[in-house]
Amino acid sequence: MPALSHGRQPDPGPGPGPAPGQGAALRWFGEISGHGLLEVEAGAMARVLGASPPLPWAWFGVAAAQPPHGRGVALRRSVEGFDGAVRCRLPLPLASEAFGAVLLQHVFDDGADPLPLLGECARILAPGGRLWLATLNPWSPYRLRWARSGLHARDAGHWQAALRSSGFAADPVSLQWLGPRWRAAHGEAGGIGAADVLRAGLALSLTKRVHAAIPPTRLQQLRWQTGLVPRDAAAQRGAAARKREDGAG
């Protein structure tokens with residue numbers, strides 16, 4: 001299993017996890033309306049992985065979604081925490097800075113607190129790695145399709161603040177709107193133009209900054225300069241010489 005940490009136990013014992021009743025709303029993504037968005041996001045994830053370092057990826061998603069192909073760890077939201085490559089709760093049994101990309105696909109759209117998992121994502125993502133977070137767009141007309149399902153859509157400002165609070169404060173965030181605007185037809189992509197802000201999905205991405213090593217402070221070397229006499233010492237020698245001359249006179 002790639003990038004598993006032997007110092008953390010995958011036992012889903014007591015720890016942060018979904019509250020009772022959370023997670024049921026995520027079943028909406030298994031319906032036709034939800035599938036139309038998930039299919040578009042699959043292409044977006046492939047592009048993110050293509051621009052990420054050649055390390056394993058970590059994917060966290062809903063039951064109806066499919067993880068990307070390739071080398072990585074796939075975990076789906078469950079009532080107890082996460083199921084998939086390992087069955088666990090937070091903190092994740094994954095090694096620090098071991099993943100070139102971390103992909104989050106609608107795991108917070110039932111109103112779950114994002115900060116604990118985002119904090120873990122900051123820990124496991126390698127410097128220079130890509131974080132990609134897909135969520136619902138609260139300004140899309142498509143929201144009428146998930147109305148009364150129990151899903152909660154939050155705007156880009158909310159997610160940017162959550163990322164800053166989770167260890168990504170210095171990393172600039174890019175936005176892209178994905179999926180259909182109203183029709184549930186598959187195949188509509190996305191973009192960043194004015195007409196795209198009404199699409200069903202919102203994706204935020206960032207690159208974890210590589211922190212440059214701070215070089216050690218250069219030690220200042222003190223050197224004795226030969227042939228130079230301090231002014232005070234020269235003055236004292238001159239005064240002593242004059243006294244000897246006066247005494248001799």
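Residues Gly128 and Val210 come closest through the heavy atom pair N-CG2, 3.6 Å. Summarising the geometry of Gly100 relative to Ser52, their closest heavy-atom pair is O-CB, 3.5 Å, with the distance given to 0.1 Å. What you find for Trp159 and Pro114 is that their closest heavy atoms are CZ3-CB, 3.6 Å. Closest of all the heavy-atom pairs between Leu115 and Ser166 is CD2-OG, 3.5 Å. The two residues Gly72 and Pro56 come nearest to each other via the heavy atoms CA-CB, 4.3 Å. Heavy atoms only, all atoms of each residue included: Leu206 and Leu163 are closest at CD2-CD1, 4.0 Å.
Note that CG of Leu103 is 11.0 Å distant from CD of Glu41, once rounded to the nearest 0.5 Å. In this structure, NE2 on His106 lies 5.5 Å from CG on Leu38, to the nearest 0.5 angstrom. Atom CH2 of residue Trp132 and atom CZ of residue Arg47 lie 9.5 Å apart, to the nearest 0.5 angstrom. For the atom pair CH2 of Trp146 and CG of Leu37, the computed distance is 8.0 Å after rounding to the nearest 0.5 Å. Rounding to the nearest 0.5 angstrom, the gap separating the CG atom in Leu117 from the CZ atom in Phe82 is 4.5 Å. Taking CZ of Arg145 as the reference point, atom CG of Leu136 lies at 13.5 Å (rounded to 0.5 Å).
Within the 3.5 Å criterion, the main-chain N or O of Phe108 finds a donor-acceptor partner in the side chain of Arg154. The backbone N or O of Arg209 lies less than 3.5 Å from a partner atom in the side chain of Asp171, making a donor-acceptor pair. Panel note: side chain Glu120, backbone Leu92; a donor-acceptor pair is recorded below 3.5 Å. Of the possible polar contacts, none joining the Lys208 side chain to the Gly129 backbone as a donor-acceptor pair under 3.5 Å is found. With hydrogens and angles disregarded, no donor-acceptor distance shorter than 3.5 Å links the side chain of Asp109 to the backbone of Ala153.
The shortest side-chain heavy-atom distance between Leu133 and Val107 does not fall under the 4.5 Å cut-off. Between Ser78 and Arg87, every side-chain heavy-atom pair lies at or beyond the 4.5 Å cut-off. The closest side-chain heavy-atom distance from Gln176 to Ser205 is not below 4.5 Å. Trp57 has its side chain within reach of Leu49: a pair of non-hydrogen atoms, C-beta onward, lies under 4.5 Å apart. Using a 4.5 Å heavy-atom cutoff, the side chains of Phe99 and Leu55 are not in contact. Here the side chains of Pro141 and Leu198 are in contact, with some heavy-atom distance below 4.5 Å.
Inspection of the Ser96 and Arg123 side chains reveals an N or O donor paired with an N or O acceptor under 3.5 Å.
Leu175 and Trp139 are assigned to two separate hydrophobic clusters, defined by single-linkage of ILVMFWY side chains at heavy-atom distances under 4.5 Å. Linking ILVMFWY side-chain heavy atoms closer than 4.5 Å, directly or via other members, places Trp28 and Val62 in a single hydrophobic cluster. Leu94 and Phe168 fall within a single hydrophobic cluster, where Ile, Leu, Val, Met, Phe, Trp and Tyr side chains are chained together by heavy-atom contacts under 4.5 Å.
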* To do: Please report the C-alpha distance between Ile124 and Val102 in whole Å, then the side-chain angles of each, then the deciding distance to 0.1 Å, and finally whether the side-chain contact (heavy atoms from CB on, under 4.5 Å) criterion is met.
  => CA-CA 8 Å; Ile124 67 175; Val102 174; 4.1 Å; yes
* Given Arg77 and Asp110, is the salt bridge (charged side-chain N to carboxylate O under 4.0 Å, His left out) satisfied, shown in steps? -> CA-CA 11 Å; Arg77 269 282 308 273; Asp110 59 345; 2.8 Å; yes
* Stepwise, does the side-chain contact (heavy atoms from CB on, under 4.5 Å) test hold for Arg199 with Leu178? -> CA-CA 6 Å; Arg199 294 187 182 275; Leu178 300 166; 5.6 Å; no
* Asked: Checking side-chain contact (heavy atoms from CB on, under 4.5 Å) for the pair Leu204/Ser174: CA distance, chi angles, key distance, verdict?
  -> CA-CA 6 Å; Leu204 300 91; Ser174 300; over 6 Å; no
* Asked: Do Trp59 and Leu75 pass the side-chain contact (heavy atoms from CB on, under 4.5 Å) test, and can you show the C-alpha distance, the side-chain angles, and the key distance before you say yes or no?
  -> CA-CA 6 Å; Trp59 173 85; Leu75 296 172; 5.9 Å; no
* Give the C-alpha distance, both sets of side-chain angles, the deciding distance and a yes or no for side chain to side chain donor-acceptor pair (under 3.5 Å) between Arg130 and Thr207. => CA-CA 5 Å; Arg130 299 279 295 172; Thr207 300; 2.7 Å; yes
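Using a 4.0 Å cut-off between charged nitrogen and carboxylate oxygen, Asp196 and Arg181 count as a salt-bridge pair.
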